[in-house]
Amino acid sequence: MSRESPPRPRPRRSMLYLPGANARALEKARTLDVDCLIFDLEDSVAPEAKAAAREGIAAALSSGGYGSREVILRTNALDGTWGPDDARLAATAGPDGVLVPKVASRDDVIAARERLSEAGVPQTTPLWVMIETPRAILDCLAIAETAKVPGVGLVGLVLGTNDLAKETGVRLDEGRAPLHAWLSMAVAAARAAGLVVIDGVYNDFRDEAGFRQECREGRRLGMDGKTLIHPGQIAPANEIFAPSQEEIAWAELVVSTFAKPENADKGVVAIEGRMVERLHLEMAERTLAIARVIAERGV
Ligand code: COA
Ligand code: MG
């Protein structure tokens with residue numbers, strides 16, 4: 001085969017927030033079958049608990065035990081009261097990424113990376129940003145395209161749907177339809193810049209049926225995964241954001257059909273009554289690559 005195999009993808013089906021001040025949650029996270037952990041210093045930590053949360057996170061990360069889980073530190077606004085101490089923690093604790101809240105513009109993202117660098121965070125530490133203000137939605141492409149600015153290291157967008165609802169006044173009591181256009185804008189901006197994009201949280205953590213429905217909706221909208229608030233949400237998110245057995249079987253069929261010698265120079269083939277082009281082959285290869293990584297993890 002002369003074609004290069006696709007790059008090894010990293011699953012981000014499930015990204016669990018943990019309040020940095022919650023020692024039990026930091027401990028329990030070592031046992032959870034989650035793709036990513038977001039150690040939070042921002043809105044889930046009360047002002048008087050910020051210092052204790054930093055200490056708890058520093059201790060947890062220096063003891064380790066998080067295995068292959070990707071650990072991301074969510075800071076407070078880096079230009080605010082707590083920002084400098086949060087940035088120093090990011091420099092000393094060495095998380096796998098830093099997530100900056102409430103960015104509103106391209107300049108905010110560039111300034112965030114500058115503040116992290118000043119505090120000693122290596123440029124190789126990936127940067128994530130929350131899309132959770134009306135301004136961020138309207139400037140989403142400019143924010144996402146900072147990924148192309150040398151040294152910024154932006155890898156993904158995380159939707160903050162609670163803040164978006166608060167800031168805009170949309171009502172979510174009859175479902176997320178009022179958010180759909182904005183979620184789709186974030187997905188398009190992320191893809192235009194080659195970024196990962198993760199859906200917002202589902203607050204009613206005892207309602208598994210509602211959570212599953214929202215995961216399926218997020219996946220249809222193109223999200224890579226979902227941010228979570230409770231361990232009970234991990235297994236459904238892992239299941240729904242992974243390729244299904246039917247998707248894997250179809251992807252295998254597409255790959256094996258194009259691999260036949262008689263199809264070697266065909267741009268389009270028919271499989272089971274459907275038109276399949278080489279762009280579908282690329283999609284099938286991506287599906288199989290992510291399915292392989294998930295199968296290796298065993299969850
Ligand atoms: N991460 C890790 N463990 C968590 C957790 C989380 N986010 N949320 C709950 N747990 C643990 C609890 O410590 C408890 O562990 P244990 O029984 O083994 O000791 C177990 O899961 C069951 O928790 P439960 O009693 O059902 O929930 P709770 O009432 O203690 O907590 C919340 C409910 C919503 C307060 C809590 O889930 C939470 O703080 N979530 C994260 C909120 C957050 O970070 N928000 C910011 C982004 S929107
Ligand atoms: Mg928020």
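Counting starts at 1 for both ligands and their atoms, following the listed order.
- Around the Mg ion (ligand 2), the protein contributes the following N, O or S atoms at distances under 2.8 Å: E132 OE1, D163 OD2.
- P243 pairs by the side chain to side chain contact (heavy atoms under 4.5 Å, CB included) definition with E247, I248, T287, I290, A291, I294, not counting sequence neighbours.
- Using cut-offs of 30° and 60° for the angle between ring planes, the F39 and Y66 rings count as perpendicular.
- Closer than 4.0 angstrom to ligand 1 sit non-hydrogen atoms from L16, Y17, L18, P19, R24, A25, K28, D40, S44, R74, F205, R206, I229, H230, P231.
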What verdict does the salt bridge (charged side-chain N to carboxylate O under 4.0 Å, His left out) test give for R12 and E70, after you've listed the backbone C-alpha separation in whole Å, the side-chain angles of each residue and the deciding distance to 0.1 Å? CA-CA 9 Å; R12 268 94 173 212; E70 189 173 12; 2.9 Å; yes

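- Looking only at side-chain heavy atoms (C-beta outward), D85 and K50 stay at 4.5 Å or farther from each other.
- Between R297 and D35 there is a salt bridge, since at least one side-chain N of the basic residue sits less than 4.0 Å from a carboxylate O of the acidic one.
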Side-chain atoms of residues 259-275: list all donor-acceptor pairs with protein atoms under 3.5 Å, sequence neighbours left out, distances to 0.1 Å.
| residue | atom | partner | partner atom | Å |
| --- | --- | --- | --- | --- |
| N263 | OD1 | K266 | NZ | 3.2 |
| N263 | ND2 | T257 | O | 2.8 |

Side chain to side chain contact (heavy atoms under 4.5 Å, CB included) assessment of R54 paired with D86: CA-CA 7 Å; R54 277 184 220 107; D86 292 359; 2.7 Å; yes

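- R191 places a side-chain N or O within donor-acceptor distance of the main-chain N or O of L195, the cut-off being under 3.5 Å.
- Note on R106 versus E145: no salt bridge recorded, every NZ/NE/NH1/NH2 to OD/OE distance being 4.0 Å or above.
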